[in-house]
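Scroll down for the structure; my scribbles are underneath it.
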Amino acid sequence: MPGEEASEEKDKSIQHTAALSFGFICLIIGIPLWWKTTEVYRVNLPYSDIADLSNTKFQFTIDIDVVNLEKSWTDKDLTDLSKLLKANLADDRKVGAIFPKYRVAVRQAAEKQSSDLTSLKTLAALDDYFHGEESSVNKYLIVLMPVNNAVVKQTTIGNYRAVYLPAGKRDLKTVSAEVTEILHSVLVREDALLKSFQNFLGAREPKDKASMRSLSYHQGYDILFTLVNPQPDILDIDWSIKEAVEAYLSPMVKQLSDYINLDIKSQMLFFTGLRRKPHKDKKNSGFYYEETDLPHTINPLEANLGSHASNNPMLNFIVYVPSRDQHPLHIVLKNGEKVKTNSFLSPQWGGIVVQNLPSPPPNSSLPVKVAVDMKTVMEVFLTQLRLLMDFNIQVKKELQVREVGNDVIREWELDNWLRKKCLENLATSISTLQSLTALLEGISNIVIQDDIGQQVENAVTGIKEAHRHLSSGQIARAFTQSRKALASSEKAFFDPSLLELLYFPEDQKFAIYIPLFLPIGLPILGSLFKAIKWIKTKRKQKPKTE
């Protein structure tokens, strides 16, 4: 009947309309909403800026001030010397990722400086005088000394930032070449800076002994002094470590306080020793260790040094007093000669000094009180500490270097250390950021939180600021910015939130979502198919009816 057909047609229309509505909601609204609410959160990172860091050339500026005290040199001579120096030090070394820029000034000494020179009878007095007159960070003073000067007989580098060069009747080209060589190989060390920067950037180049021996930069170091007494029942040893640290190490701690933290501790170990049995010296009735024995003495002793509950690298300095059955104990070289300091250094670990204290007299009451020669011990430890922290700079025999004295670190050595560690920090930061971006681009389901994005931004900003300060010659500020960049880049790279969804593979997603969506999705898709088919049928029927 027509009424029943109309009613049935109306029911079909409602069913198909409802199916289309459900399909529209699921496909157009539901799936995008589900996709948006279940996507991995990834904050935007400055990928292009990080990629450009590889091509950045770091220029560091150095000021050179040449002061002439030789009266026979005229203003024309100084003008010619200035031209020669600028030609020798021209920034034509732009082939690498880093290069220096020298700002050279040559002038006659002031009348007061010339008149005061006669009253300066020692190198220390001369160095202290020019330190008060001319010294400033990253500015090096080249003093051309007169021929009749009694203090400086050969080219000498002071403890601050001055080089004293006997000028006299020497040729201008010779003086210019010598000044250039001192700057390149001692005060600035361009080749060492470039090699270190490339190594920290990831270049596979063979490392030298100095780089393998010294520690990489860290914001703090723990220094542990240990006295090892295998027989406390025989020897009661006094080593006055507190006074020794105050006298010998405090100046160094103060010098480096703006750049690194040194936490110093001490301890005494009893009834333990170097388990490696020494060789018996039949000629001199003593005992000795050869160079090949030394690595085997550290591991057994290190197990007794105690736990190290700190994030900072540990440097161990040990005074070892041999037991009476191994006394006296010496360290010998390959050629059989005894090491004068009776000590040895372990790269990136520390050093050991063997102290042969006298044996108790016969029939004496035990334990006998004895004292360690802390002056000798601390001088050795300071030398080893300078090597481990990369403050030791080798100079040619033709150059004289003033004894370092109580300051431990010369000012030009500190400048060089700041410059080198700044560039190493920048290279490490760049390498870390690029490794992080490669990881994040390669694995799309790693969460990138806002704090990680902020750390990356801070690292990029720190690198750019350090670059700017280096270009203007402000190495202390550049070092501070490089330290911030290093800390931010490593904090971002090692953030634990990066691993939250790293081990959630795609097959597990299908295993979760298919049982959920398949029972719902098939009926909806079937209804949509029927609804679309019904609409097409209705459209075909309309022309026939007309």
Side-chain angles (χ1 to χ4, degrees), residues 215 220-249 253 262-279 286-291 293-331 339 341-360 364-385 387-388:
L215 293 163
Y221 300 91
D222 294 337
I223 300 177
L224 178 62
F225 291 99
T226 304
L227 173 66
V228 179
N229 182 7
Q231 295 176 323
D233 53 330
I234 298 177
L235 296 179
D236 181 11
I237 302 174
D238 175 24
W239 68 324
S240 306
I241 186 61
K242 183 177 180 180
E243 292 79 6
V245 167
E246 185 66 29
Y248 292 93
L249 205 57
V253 174
L262 296 177
D263 187 14
I264 302 172
K265 301 176 183 178
S266 64
Q267 66 176 354
M268 298 178 69
L269 294 181
F270 300 122
F271 300 108
T272 188
L274 305 179
R275 296 182 183 178
R276 183 80 172 184
K277 188 176 180 180
H279 306 281
F287 299 85
Y288 65 92
Y289 280 125
E290 296 177 341
E291 289 185 37
D293 299 320
L294 300 180
H296 304 287
T297 63
I298 294 177
N299 290 344
L301 186 59
E302 188 176 22
N304 298 316
L305 293 179
S307 61
H308 175 50
S310 173
N311 292 326
N312 297 330
M314 170 72 83
L315 292 174
N316 294 282
F317 295 98
I318 298 172
V319 180
Y320 177 68
V321 179
S323 58
R324 298 305 92 186
D325 59 338
Q326 297 179 357
H327 179 275
L329 178 63
H330 296 280
I331 300 171
V339 176
T341 59
N342 210 23
S343 64
F344 66 94
L345 176 74
S346 178
Q348 300 186 15
W349 184 84
I352 296 179
V353 174
V354 179
Q355 185 89 163
N356 289 307
L357 298 179
S359 296
S364 59
S365 59
L366 301 178
V368 176
K369 279 189 171 292
V370 291
V372 175
D373 183 5
M374 292 306 295
K375 180 178 184 298
T376 303
V377 168
M378 291 305 294
E379 286 176 352
V380 173
F381 283 159
L382 284 177
T383 302
Q384 292 175 341
L385 185 59
L387 289 168
L388 291 168

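Please read these numbers as outputs of a predicted model, since none were measured by experiment.
A donor-acceptor pair is defined here as one N or O able to donate and one able to accept, closer than 3.5 Å; no such pair exists between the side chain of Asp263 and the backbone of Gly220. Under the 3.5 Å distance criterion, the side-chain polar atoms of Gln267 are matched with a main-chain donor or acceptor of Leu305. Judged by distance alone, the side chain of Asn299 and the main-chain N or O of His296 form no donor-acceptor pair under 3.5 Å. Under the 3.5 Å distance criterion, the side-chain polar atoms of Asn356 are matched with a main-chain donor or acceptor of Leu329. For Asn312 (side chain) and Ile223 (main-chain N/O), no donor-acceptor pair under 3.5 Å exists by modelled atom type. Checked by atom type and distance alone, the side chain of Asp238 never pairs as donor or acceptor with a backbone atom of Ala371 at under 3.5 Å. Under a 3.5 Å cut-off, the side chain of His327 and the backbone N or O of Val321 do not form any donor-acceptor pair. Of the possible donor and acceptor atoms, none in the side chain of Gln231 sits under 3.5 Å from a partner among the backbone N and O of Pro322.
A salt bridge does not link Lys242 with Glu246: none of the charged nitrogens is closer than 4.0 Å to a carboxylate oxygen.
Asn316 places none of its side-chain heavy atoms less than 4.5 Å from the side chain of Leu301. By the 4.5 Å heavy-atom criterion applied to side chains, Phe271 and Asp233 are counted as neighbours. With a 4.5 Å cut-off on side-chain heavy atoms, Val228 and Leu274 do not count as touching. Side-chain contact between Gln348 and Pro313 is absent, with no heavy-atom pair separated by less than 4.5 Å. Proximity of Val377 to Phe317: side-chain heavy atoms (C-beta onward) are nowhere separated by under 4.5 Å. The shortest side-chain heavy-atom distance between Leu315 and Gln384 does not fall under the 4.5 Å cut-off. Contact of the Leu382 side chain with the Leu249 side chain is registered, since non-hydrogen atoms from C-beta on lie closer than 4.5 Å. Residues Val319 and Val372 meet the side-chain proximity criterion, which asks for heavy atoms closer than 4.5 Å.
Scanning all heavy atoms of the two residues, the minimum distance from Lys369 to Asp236 falls at NZ-OD2, 3.0 Å. The two residues Ser310 and Asp222 make their nearest non-hydrogen contact at OG-OD2, 2.8 Å.
In summary, the aromatic rings of His330 and Tyr288 are positioned with their centroids too far apart to meet the 6.0 Å limit. A centroid separation of 6.0 Å or more is found between the aromatic rings of Tyr248 and Phe381.
No donor-acceptor contact under 3.5 angstrom links the side chains of Arg276 and Thr297, judged on distance only. A donor-acceptor contact closer than 3.5 angstrom is absent between the side chains of Trp239 and Gln355.
Between the OG1 atom in Thr383 and the CG atom in Leu388 there is a gap of 11.0 Å [rounded to 0.5 Å].
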